[in-house]
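What follows is a short report on a single structure.
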Amino acid sequence: MSGGAAPQPLAGSTFLTKPERPLRPTVFFFCRFGDMVMLTSLLNLLHQRYGLPSQVIGTGSWTPAVYEGNPDVEGVWSFHRHLPFPLESSWGHVRRALRASHPGPVYVCERHYRQLPRIRRMLWLSGVDPRRCVFLTDQPITGPEHLVDRLVRLGTRTPASLRESDYPVPSMTSVQGPRLYVLDSERTERNAWLRDQGWSDREIILIQPGNHRSMGPRRERWRRLNTDDKWWPLERWATLLQRIHEHRKSALIMLRGSVEEVTMLQEIQAVSKLGAVVVAGHGLRRLFALCACAHSMISVDTGPAHAAAALSVPLVVLYGAESPKYWLPRSPSGTPVQGVGGPPVASRADQVSADAVFDAWLEMAQRVEADRHMRLGAGSF
């Protein structure tokens, strides 16, 4: 289970009604990082609707870290995506948690044809009443829909074992997210680290060049064959960083990625030939803490982009084959998020120029600056 602190009331959100008998929802989703970030909107809705935070069951050792400090989550367990689940240590805990949560609702967000049978076996072996369960795949698909909207729509459905009148759906205007949280201890640790590096007074612009392919075991093959639609040439990254540096000479341009991507980040740093460009390690929770103090981020279409938006970082996202219309990250506070590329403009990221990405970032930065001056001006009256 993740997190030891008791759930706190959500900032900016009010639970209009509390059910007479609060229930513990369970949510299954065996997806990548970005999808698990977008899941937080559903978790917020379920917390408001049923009165207790959810328990989340996913895949990947990083999954608990995503929900650290989240008041909408009580427990998190993760499984390996391909290993038999009865052989994993998490299985016993999950089976007990499912039984203990009776008669709480079970929301299955998974769509993958290989993972759904695994989840159904977990439910059956745990003795879960099928009437407690609601499946995303049972929803009629009326057309292309952003994943956040589809997940929230799932949360408005009621399991057959419960009465909707007992657990009314909250107003959609009260549903937050996607939203992530940074602990006070993580902010303190981040500030100390920045101070030790001599960067505590620098404005930070985060750059996320990699995606799941550039950190996977076949990353060299993807790069050699040029089959990664999200890959942007090193020289183009260098041009972009040089233009950003010309515009904000005092800013620190921080390249971020996984352990497997450090070599690629160092290549970009070397090609840029800028002392203001640094490769600053890895780690999910440190990324969250840096996002909480960053000026902005430029990222390819990948999970950390969703994390940045969920932490209200002004963001530009570079797209390849996927469309920003359906996958653009969302901010809970209205900070700007702008997509560049993607269909019908482009089918690969390398079809997008450095000028297009820089212009999008500059427009966003100017908008953020104008909003800041407006708030300061309003506060002076």
Side-chain angles (χ1 to χ4, degrees), residues 1-3 23-50 52-68 70 72-139 141 145 147-162 167 177-178 303 306:
M1 296 179 70
S2 70
L23 297 177
R24 175 86 61 208
T26 301
V27 178
F28 282 87
F29 204 16
F30 288 3
C31 269
R32 292 193 177 99
F33 175 33
D35 299 302
M36 302 307 280
V37 173
M38 288 186 277
L39 183 68
T40 57
S41 283
L42 170 64
L43 299 175
N44 180 248
L45 184 155
L46 296 180
H47 191 178
Q48 294 190 54
R49 186 177 183 188
Y50 293 102
L52 293 176
S54 297
Q55 49 194 22
V56 178
I57 303 167
T59 53
S61 58
W62 45 265
T63 304
V66 174
Y67 304 110
E68 191 73 29
N70 192 320
D72 299 321
V73 179
E74 174 63 21
V76 184
W77 296 271
S78 62
F79 292 88
H80 191 281
R81 193 164 178 81
H82 304 294
L83 291 178
F85 68 84
L87 302 181
E88 297 195 54
S89 58
S90 297
W91 169 233
H93 299 290
V94 167
R95 184 170 54 184
R96 287 191 292 272
L98 283 168
R99 291 173 176 172
S101 67
H102 178 83
V106 178
Y107 286 85
V108 180
C109 306
E110 188 55 52
R111 300 157 291 172
H112 196 277
Y113 71 97
R114 289 183 178 173
Q115 301 302 328
L116 267 173
R118 295 180 74 201
I119 294 172
R120 292 184 186 277
R121 285 195 295 271
M122 289 181 181
L123 295 170
W124 180 73
L125 290 171
S126 301
V128 173
D129 182 350
R131 296 180 304 156
R132 293 173 56 192
C133 303
V134 179
F135 287 80
L136 184 73
T137 50
D138 291 338
Q139 286 183 328
I141 300 176
E145 187 177 23
L147 180 59
V148 171
D149 295 330
R150 193 174 181 194
L151 291 172
V152 168
R153 187 158 60 91
L154 175 70
T156 65
R157 294 171 57 197
T158 307
S161 61
L162 301 175
Y167 300 95
H306 289 277

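One-based numbering along the sequence shown. From a predicted model like this one, the values you see are computed outputs, not experimental measurements.
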Closest non-hydrogen atom pair between [X] and [Y], with its separation:
X: A97; Y: Q55; value: O-NE2, 3.3 Å
X: H47; Y: L52; value: CD2-C, 3.5 Å
X: Y50; Y: Y167; value: CD2-CD2, 3.5 Å
X: P105; Y: P159; value: CB-CG, 3.6 Å
X: L39; Y: C109; value: CD1-SG, 3.8 Å
X: L42; Y: V152; value: N-CG2, 4.5 Å

Review point. Can you tell if the side chain of V106 reaches within under 4.5 Å of the side chain of F28, non-hydrogen atoms only?
Key: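 They are in contact (side-chain heavy atoms under 4.5 Å apart), so the answer is yes.
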Check your understanding: Is there side-chain contact between L116 and V108, with at least one heavy-atom pair below 4.5 Å?
Key ->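 A side-chain contact exists here, since the closest heavy-atom pair is under 4.5 Å.
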Give, for atom [atom1] of [X] and atom [atom2] of [Y], the distance between the pair rounded to the nearest 0.5 Å.
X: I57; Y: M122; atom1: CD1; atom2: CE; value: 7.0 Å
X: Q139; Y: R150; atom1: CD; atom2: CZ; value: 6.0 Å
X: H82; Y: T59; atom1: NE2; atom2: OG1; value: 8.5 Å
X: H112; Y: F30; atom1: NE2; atom2: CZ; value: 12.5 Å
X: N70; Y: N44; atom1: CG; atom2: CG; value: 8.0 Å
X: S41; Y: L147; atom1: OG; atom2: CG; value: 9.5 Å

If the condition is side-chain hydrogen bond (donor to acceptor under 3.5 Å, both in side chains), which residues does [X] pass it with, not counting sequence neighbours?
X: R111; answer: none
X: R132; answer: S101
X: T40; answer: none

With sequence neighbours left out, what residues match [X] under side chain to side chain contact (heavy atoms under 4.5 Å, CB included)?
X: S78; result: T63, P64
X: T158; result: R49, L162, E164
X: P84; result: P86, L87
X: S54; result: P25, V27, L43, L46

**Study point:** salt bridge (charged side-chain N to carboxylate O under 4.0 Å, His left out) pairs, two or more places apart, involving residues 152-162
**Key:**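 Every pair satisfying salt bridge (charged side-chain N to carboxylate O under 4.0 Å, His left out) with a residue in residues 152-162: E145-R153.
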Review point. Can you list every salt bridge (charged side-chain N to carboxylate O under 4.0 Å, His left out) pair that touches residues 81-110, not counting sequence neighbours?
Key: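 Residue pairs with at least one partner in residues 81-110: there are none.
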Check your understanding: What residues form a ring-ring contact (aromatic ring centres under 6.0 Å, His included) with F135, not counting sequence neighbours?
Key ->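 Once residues adjacent in sequence are excluded, F135 has no partner under the ring-ring contact (aromatic ring centres under 6.0 Å, His included) criterion.
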Practice item. Under the ring-ring contact (aromatic ring centres under 6.0 Å, His included) rule, collect the residues that match up with Y107, sequence neighbours excluded. Key: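 For Y107 there are no ring-ring contact (aromatic ring centres under 6.0 Å, His included) partners, ignoring immediate neighbours.
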Point to revise | Sequence neighbours excluded - side chain to side chain donor-acceptor pair (under 3.5 Å) pairs with any residue from residues 119-129 | key: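 Listed once each, the pairs are D129-R131.
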Exercise for review: Show your reasoning for whether side-chain contact (heavy atoms from CB on, under 4.5 Å) applies to F79 and L83.
Suggested key: CA-CA 8 Å; F79 292 88; L83 291 178; over 6 Å; no
